[in-house]
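Contents: one structure, followed by commentary.
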Number of protein chains: 2
Amino acid sequence: MARPSKPKLNPEVIAEAALALVDKHGEFTLPQLATSLSVSASSLYNHVQGKDEIVELMRGRAMAVIDLPESQPESWQQTVRLIATAYWSSYSKHPRLIPLLTSHTVRDRTTLRVYDALAEAFSQAGFEATRRLQAITIIDSFVLGSALDAAAPQQVWEPDDSSSPQFTEALDAGLPSAQRAQSTFLLGLDVILEGLRSVPRA
Amino acid sequence: MARPSKPKLNPEVIAEAALALVDKHGEFTLPQLATSLSVSASSLYNHVQGKDEIVELMRGRAMAVIDLPESQPESWQQTVRLIATAYWSSYSKHPRLIPLLTSHTVRDRTTLRVYDALAEAFSQAGFEATRRLQAITIIDSFVLGSALDAAAPQQVWEPDDSSSPQFTEALDAGLPSAQRAQSTFLLGLDVILEGLRSVPRA
DNA sequence: ACCTGAACACCGTTCAAGT
DNA sequence: ACCTGAACACCGTTCAAGT
């Protein structure tokens, strides 16, 4: 039974299975992936170039669910808020994927669409090209950093005896992590949007 | 020549050599590391528990150079700005290290000191425990995200034919990357500090 | 065209053996 | 106490062989 009449694999199926492994274990290997697809590891190479391409496909799957705002709502702040939240939300559904994504150039169309939408919003708000790129980068850095925060092990920080009371008190006041990550992200996004209002745009 | 009279290794030397490898290649393996130290891979296990511990030691080395502000300058904004900038700056000296750090809980004292200092600054500014943790997390997410941006391959985004003109125009306006990353970080930090002024602190 | 199994060079880690 | 070399289970990738 070397070649089935109908192929057992395709890039989407591979990406989806890899995503399931990462969600469960935080990483994946080709042998694991092959086993979960009831196939041998070398079969994967008939559909993808290698492990790196699988990671890029996973990025695409994670981003595919993003709903970008169609018409422009009230203000550019509201538009940026919707985009950034959708973006953060997709990442946060697969928190353990994020560390795998940070070393590759973004070529995935689904992901680039998000930046297109941000660029248009800032452009409409009057941000000239250089400022526009800065604004996009600031939002992107914060979204990525916040999603990483959600990706981090339950305990992001483990204070020791010499930690300051101001820090340990703050840590103790934290909510359970999923909830906390979300509300902190939303607060930070508002903080940035508020701050961006007073930045010169040219 | 099994055991030298003076040990050839210690954790600091190991971390420093690993950091050099990561700076050069973006990753490291134990055999590579051992070779660069003129030692066999198994020797490393007399000084560290394994690869994970080496990563944590590297975090410590990268953070060791941080100079925290001793006395409190003019404003809490200025204090936070100094801490965050020093923090970002240390990370940015080893940009390719960052992706390796994002999956571990922070236990390194040198690193935790940074959060202690931030907690004290926000506390002095009147931020209550819960708000304080949120403010710290927002700053931390942005510093980490920005440093990741500096870590990314020369080309963070590779637009294709269907990218919006607003996005490609912004990309073309960008400066060479090192310079750009720094000035964008500083702008974003100011944006956040400005926005934090109007957040309720309790 | 698409799957398999064997093969390759490499990895992290363990451990008995040496001094 | 500290280094070595052999060994183990595992990894990503290639390739000839099958249909």
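Only heavy atoms go into these numbers, but all of them, side chains included; no hydrogens, no water, no symmetry mates. Lettering follows sequence order; numbering is per chain, from 1. If you're wondering where the values come from, they're calculated on a predicted model, not measured in any experiment.
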(message) Show me, range against range, the stems involving DNA chain C, built from at least 3 consecutive Watson-Crick or G-U pairs below 3.5 Å.
(response)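 For DNA chain C the paired stretches long enough to count as stems (3 pairs minimum) are C:4-8 with D:12-16, C:12-16 with D:4-8.
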
(request) With sequence neighbours excluded, tell me which residues meet salt bridge (Lys or Arg N to Asp or Glu O under 4.0 Å) with A:R81. (result)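 By the salt bridge (Lys or Arg N to Asp or Glu O under 4.0 Å) rule, A:R81 matches A:D190.
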
(request) For B:R109, enumerate each residue passing the salt bridge (Lys or Arg N to Asp or Glu O under 4.0 Å) test, keeping only those at least two apart in sequence or located in another chain. (result)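 B:R109: salt bridge (Lys or Arg N to Asp or Glu O under 4.0 Å) contacts with A:D160, B:D116.
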
(message) What I'd like to find out is whether the side chain of A:S183 reaches to under 4.5 Å of the side chain of B:Q134, using heavy atoms alone.
(response)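 Yes, close enough: below the 4.5 Å cut-off.
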
(request) Side-chain contact test, heavy atoms from C-beta onward, threshold under 4.5 Å: evaluate it for A:T111 versus B:W157 and give yes or no. (result)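 They are not in side-chain contact.
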
(message) I need the residues from residues 36-59 of chain B with at least one non-hydrogen atom less than 4.0 Å from DNA chain C; give them sorted by number, or say none.
(response)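 B:S42, B:Y45, B:G50, B:K51 - these, ordered by number, are the residues of the stretch whose heavy atoms sit under 4.0 Å from the strand.
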
Taking only distance into account, with no hydrogens and no angle test, what donor-acceptor pairs under 3.5 Å do side-chain atoms of residues 14-26 of chain A form with protein atoms, sequence neighbours excluded?
residue, atom, partner, partner atom, Å
A:E16, OE1, A:R61, NE, 2.6
A:E16, OE1, A:R61, NH2, 2.7
A:D23, OD1, A:H94, ND1, 3.0
A:D23, OD2, A:H94, ND1, 2.9

Just the rounded figure in Å: distance from [atom2] of [N] to [atom1] of [X].
{"X": "A:Q32", "N": "D:dA9", "atom1": "CD", "atom2": "P", "answer": "18 Å"}
{"X": "B:L21", "N": "C:dC11", "atom1": "CG", "atom2": "P", "answer": "11 Å"}
{"X": "A:F28", "N": "D:dC10", "atom1": "CZ", "atom2": "P", "answer": "18 Å"}
{"X": "A:L33", "N": "D:dC11", "atom1": "CG", "atom2": "P", "answer": "12 Å"}
{"X": "A:I14", "N": "D:dG12", "atom1": "CD1", "atom2": "P", "answer": "14 Å"}
{"X": "B:L30", "N": "C:dG12", "atom1": "CG", "atom2": "P", "answer": "4 Å"}
{"X": "A:K6", "N": "C:dC2", "atom1": "NZ", "atom2": "C1'", "answer": "13 Å"}
{"X": "B:N10", "N": "D:dC3", "atom1": "CG", "atom2": "C1'", "answer": "15 Å"}

(message) Under the criterion ring pair (Phe, Tyr, Trp, His ring centres under 6.0 Å), I'd like the reasoning laid out for B:Y115 against B:Y87: C-alpha separation, chi angles, the key distance, then a yes or no.
(response) CA-CA 10 Å; B:Y115 298 99; B:Y87 191 23; 5.8 Å; yes

(message) Closer than 3.5 angstrom, by distance alone: can the side chain of A:K8 be matched with the main-chain N or O of A:S38 as a donor-acceptor pair?
(response)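 Looks like yes, one N/O pair under 3.5 Å.
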
(message) If we ignore hydrogens and angles and just use 3.5 Å, is the side chain of B:R59 paired with the main-chain N or O of B:D108 as donor and acceptor?
(response)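 It does not hold such a pair.
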
(request) Applying side chain to side chain donor-acceptor pair (under 3.5 Å), name anything that partners A:S123, two or more places apart in sequence or on another chain. (result)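 Side chain to side chain donor-acceptor pair (under 3.5 Å) check on A:S123 returns nothing, list empty.
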
